Colleague: 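I have a structure I would like to understand better, so I am pasting it below and will then ask my questions one at a time.
Heavy atoms only: backbone and side chains are in, while hydrogens, waters and symmetry mates are out. Just so it is clear, the model here is predicted, and its values are computed rather than measured. One is the number of the first residue; the rest follow in order along the sequence.
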Amino acid sequence: MDCRVVVEAAVPVYDVETPDEAVRIAISKTGEMLNPDLNYVEINMGERQCPHCGDELEPAFIAADESLVALELEMTVFNVERDEHAARIARKEIGQRLENIPLEVLQIEAIEETDDSDAEDPAETIDDEGDGAGSDTGETDAGTESDSDDVLPEFDELMNE
């Protein structure tokens with residue numbers, strides 16, 4: 001099962017005067033921390049509401065020229081067993097790059113598989129260990145699809161040793 005996970009991040013920004021400036025800087029700062037490893041994570045402004053009246057608030061809270069900006073980070077996690085598994089993978093992958101930034105999972109949505117057009121997405125290689133390494137070792141670049149059957153038995157033999 002593939003899932004789309006939305007994680008909220010509280011990004012601190014310093015020396016800002018307006019909420020718009022704080023949001024722009026927070027998005028830029030977050031993009032720098034995520035790229036190039038997680039360039040497939042979408043960064044959006046977060047939505048905040050007043051806990052008492054329910055009115056919509058700015059995504060940035062400013063005090064003394066410092067701001068805390070709510071951002072929503074979206075990523076697709078492939079081949080997971082259940083929603084909790086997808087949330088754990090997304091939090092780990094994003095959290096490793098956004099050090100000292102609190103994260104909270106807002107939404108997990110199962111994606112219906114329609115075609116194989118996004119099979120080349122780099123997020124597909126993410127696993128629980130978070131190393132992002134796929135099964136492609138570069139050794140089979142000269143082979144064709146018919147040769148790929150020969151690679152699997154060798155791999156199995158290595159695993160048995």
Colleague: Within a strict 4.5 Å, meaning less than it, do heavy atoms of the Leu98 and Leu34 side chains meet?
Modeller: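 They are in side-chain contact.
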Colleague: Quick one: does His85's side chain get under 4.5 Å of Ile89's, heavy atoms only?
Modeller: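 Yes. Closest side-chain heavy atoms under 4.5 Å.
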Colleague: With a 4.5 Å heavy-atom cut-off, do Met1 and Asp83 have their side chains touching?
Modeller: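 They are in contact (side-chain heavy atoms under 4.5 Å apart), so the answer is yes.
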Colleague: Measure the spacing between CD of Gln107 and SG of Cys3 and express it to the nearest 0.5 Å.
Modeller: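 So the CD of Gln107 and the SG of Cys3 are separated by 11.0 Å.
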Colleague: Just wondering, do Met33 and Ile101 contact through their side chains at under 4.5 Å, heavy atoms?
Modeller: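 The answer is yes, as the side chains (C-beta and beyond) meet within the 4.5 Å cut-off.
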Colleague: Can you confirm whether more than 12 heavy atoms, excluding those of Met45, are under 6.0 Å from its CE atom?
Modeller: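 At most 12 heavy atoms, drawn from other residues, nucleotides or ligands, come within 6.0 Å of this atom.
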Colleague: How close do Met75 and Tyr40 get, counting heavy atoms only, and between which atoms?
Modeller: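 Heavy atoms only, the tightest pair is CE-CE1, 3.9 Å.
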Colleague: With salt bridge (charged side-chain N to carboxylate O under 4.0 Å, His left out) as the criterion, how do Glu74 and Arg4 come out once you've worked through the C-alpha distance, each side chain's angles and the decisive distance to 0.1 Å?
Modeller: CA-CA 7 Å; Glu74 282 186 48; Arg4 189 85 172 148; 3.2 Å; yes
Colleague: Enumerate the residue pairs fulfilling side-chain hydrogen bond (donor to acceptor under 3.5 Å, both in side chains) with a member in residues 24-33, sequence neighbours excluded, ordered by first and then second residue.
Modeller: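 side-chain hydrogen bond (donor to acceptor under 3.5 Å, both in side chains) check on residues 24-33 returns no pairs.
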Colleague: Is any side-chain heavy atom of Glu42 less than 4.5 Å from a side-chain heavy atom of Leu73?
Modeller: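 SC-SC contact between Glu42 and Leu73 ruled out.
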Colleague: Might you point out which heavy atoms bring Pro19 and Glu58 nearest each other, and give the distance in Å?
Modeller: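 Taking every non-hydrogen atom into account, CB-OE1, 3.6 Å.
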Colleague: Count I, L, V, M, F, W, Y as connected when their side-chain heavy atoms are under 4.5 Å apart, and connections chain through other members. Are Val41 and Val5 then in the same cluster?
Modeller: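 Yes, same cluster.
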Colleague: Return the set of residues passing side chain to side chain donor-acceptor pair (under 3.5 Å) with Glu47 (not counting sequence neighbours), or none when no residue passes.
Modeller: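 Side chain to side chain donor-acceptor pair (under 3.5 Å) check on Glu47 returns nothing, list empty.
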Colleague: Is it true that a side-chain atom of Asp2 and a backbone atom of Ile111 form a donor plus acceptor pair closer than 3.5 Å?
Modeller: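 No: the side chain of Asp2 does not pair with the backbone of Ile111.
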Colleague: I'd like to check Glu8 versus Leu103 (side-chain heavy atoms, cut-off strictly below 4.5 Å). Are they in contact?
Modeller: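 Not in contact.
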Colleague: Is there a side-chain contact between Gln49 and Leu57 (heavy atoms, below 4.5 Å)?
Modeller: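 Side-chain contact under 4.5 Å: no.
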Colleague: When you compare the side chain of Leu38 with that of Glu93, does any pair of heavy atoms fall below 4.5 Å?
Modeller: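 Yes, side chains in contact.
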Colleague: Looking at Val11 and Ala26, what are the two nearest heavy atoms and their distance?
Modeller: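 In this case the closest contact between Val11 and Ala26 is CG1-CB, 4.1 Å.
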Colleague: Is it true that a side-chain atom of Asn39 and a backbone atom of Asn35 form a donor plus acceptor pair closer than 3.5 Å?
Modeller: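 Checking the backbone N and O of Asn35 against the side chain of Asn39, no donor-acceptor pair under 3.5 Å is found.
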